[in-house]
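Worksheet: the structure to be examined is printed underneath.
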Amino acid sequence: MSIEPQNDITYLDKSLRPTVWGDYIGQASTKQNLQILINAARERGHPPEHLLFYGPPGLGKTTLAYLIAEEMGAQIKVTSGPAIEKVGDLASILTNLSPGDILFIDEVHRLNKLIEEVLYPAMESGSLNIILGKGPGARVIQLDLPPFTLVAATTRLALLSAPLRSRFSGGTFRLELYQPEEIAQIIKRSALLLNIELESEAARAIAERSRCTPRIANHLLKRCRDFAQVSKTTLTRESVNDCLTMLGLDNLGLSPADRLLLETLVDKFNGGPVGVGTLATALSEEEDTIEDVHEPYLIQLGLLERTPRGRVVTTHGYKHLGRL
Ligand code: ADE
């Protein structure tokens, strides 16, 4: 059967985020620890302690924050490090919280240091210290905040200051890249929610090229759905492979940008070692993008190594490029 266009526009926007633990696939250890922490907090009638999630983009840090709010029956307020520009912005966010709220700050490593200083007492003792005036006449007023849980997420744990890191008393959790079977399960669940018919083998074929990342898997699923719809076919391993090849993904799911990174290392730097700054210049790319987006998966596949002297393409990397 071919995939028919759907008239119902809302189905496109239907969130694919799981809202109950039962639907949340993978990250077993983080999930188990969080469930204990949340159940205990709920029994005590208290918000959970502050939590920090880190790991490459697209692994479900935001999803976890929403899920925790749902489990606690709490409201969630969402912001991000770069969006909080002034101390006043944070003061306004904190004073508008209701008891039990979850405050989610994404990209927390991009908070500026002055704002971090305001966050410390808010996290530790639930108080907001506001300085009025300047110099010897300056006064500090202290406001009590309602009990809340800060859930913060970052792709760059190392950029967080030690004092900030130490205040996540509920724990710091590293999200791992997913196993292909887990990604296939996520794809099947998303297909069901989006009314997409797909064979098991098709789910597996998408999973194999999803860089072990749910966000990419869901994105590719939608592109394969478009492809099948336009070419009046179904989602089979074959049609999915055709679609993914057309999108420029190779058999390991590397994008043209990933391959260019490896090829640049080989062609311009003899395979490395080369520093990330030099590599970024050679690729006209941001260092952050190289470190957060491209490298985790290349390293996971064993195609690239981060050494103290810089990045090095492995033998496996050379083989994948067909350069051995
Ligand atoms: N979507 C994003 N992350 C997910 C997960 N871990 N399980 C199910 N669906 C997801």
Side-chain angles (χ1 to χ4, degrees), residues 10-39 48 51-72 74 76 78 80 102 104-108 149 151-157 170-226 235 240 244 247 249 253 255 292-293 296-297 300:
T10 55
Y11 94 104
L12 284 173
D13 298 321
K14 200 189 279 178
S15 173
L16 297 177
R17 290 188 200 287
T19 52
V20 291
W21 286 122
D23 284 349
Y24 191 89
I25 295 153
Q27 312 293 349
S29 142
T30 295
K31 186 168 147 177
Q32 189 183 25
N33 284 310
L34 286 175
Q35 281 175 316
I36 293 172
L37 189 117
I38 287 163
N39 290 342
L51 301 165
L52 176 62
F53 298 133
Y54 72 101
L59 297 190
K61 298 183 281 294
T62 308
T63 300
L64 274 180
Y66 276 90
L67 210 158
I68 291 167
E70 195 78 33
E71 283 285 318
M72 290 300 299
I76 181 164
V78 178
S80 74
I102 306 278
F104 178 61
I105 306 185
D106 202 4
E107 296 190 71
V108 70
T149 302
V151 178
T154 180
T155 48
R156 311 292 301 278
L157 186 69
T172 296
F173 299 91
R174 179 191 151 88
L175 297 197
E176 308 288 345
L177 292 173
Y178 289 69
Q179 296 302 314
E181 314 84 67
E182 294 169 341
I183 295 285
Q185 248 182 297
I186 292 173
I187 291 170
K188 284 182 191 168
R189 175 179 173 273
S190 301
L192 218 63
L193 290 172
L194 294 172
N195 250 332
I196 299 173
E197 229 178 282
L198 93 163
E199 294 177 359
S200 246
E201 269 305 299
R204 215 165 301 175
I206 299 176
E208 283 161 13
R209 304 216 227 169
S210 294
R211 308 163 67 97
C212 313
T213 305
R215 184 185 294 159
I216 297 180
N218 285 331
H219 167 80
L220 294 180
L221 171 65
K222 290 180 185 175
R223 296 296 68 79
C224 291
R225 181 254 329 260
D226 294 347
L235 282 145
V240 158
L244 299 179
L247 291 173
L249 300 181
S255 66
D292 297 349
V293 178
Y297 186 56
Q300 158 104 356

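Order of listing sets the numbers, starting from 1, for every ligand and every atom in it. Excluded from the calculations below are hydrogen atoms, water molecules and symmetry mates; all remaining heavy atoms, backbone and side chain alike, are included.
In terms of protein heavy-atom proximity, atom 4 (C) of ligand 1 is nearest to I186 CD1, 3.9 Å. Annotation: atom 2 (C) of ligand 1 to nearest protein heavy atom, P214 CB, 3.6 Å.
If you look at D23 next to ligand 1, the close heavy atoms, those under 4.0 Å, all belong to the backbone. With a 4.0 Å heavy-atom cut-off, ligand 1 is reached by the backbone of I25 and by its side chain too.
Applying the 6.0 Å contact sphere to CD of Q32 captures no more than 12 heavy atoms from other residues, nucleotides or ligands.
For the pair Y178 and ligand 1, the shortest N or O to N or O distance falls below 3.5 Å.
Note on ligand 1: P18 sits in its first shell, one or more heavy atoms being nearer than 4.0 Å.
The existence of a salt bridge linking R156 and D292 is confirmed by a sub-4.0 Å separation between a basic side-chain nitrogen and an acidic carboxylate oxygen.
Side-chain contact between M72 and I38 is present, with heavy atoms from C-beta onward closer than 4.5 Å.
In summary, the side chains of K188 and S200 do present a donor paired with an acceptor at a separation below 3.5 Å, with no hydrogens or angles considered.
In this structure, the separation between OH on Y66 and CD1 on I102 is 12.0 Å, given to the nearest 0.5 Å.
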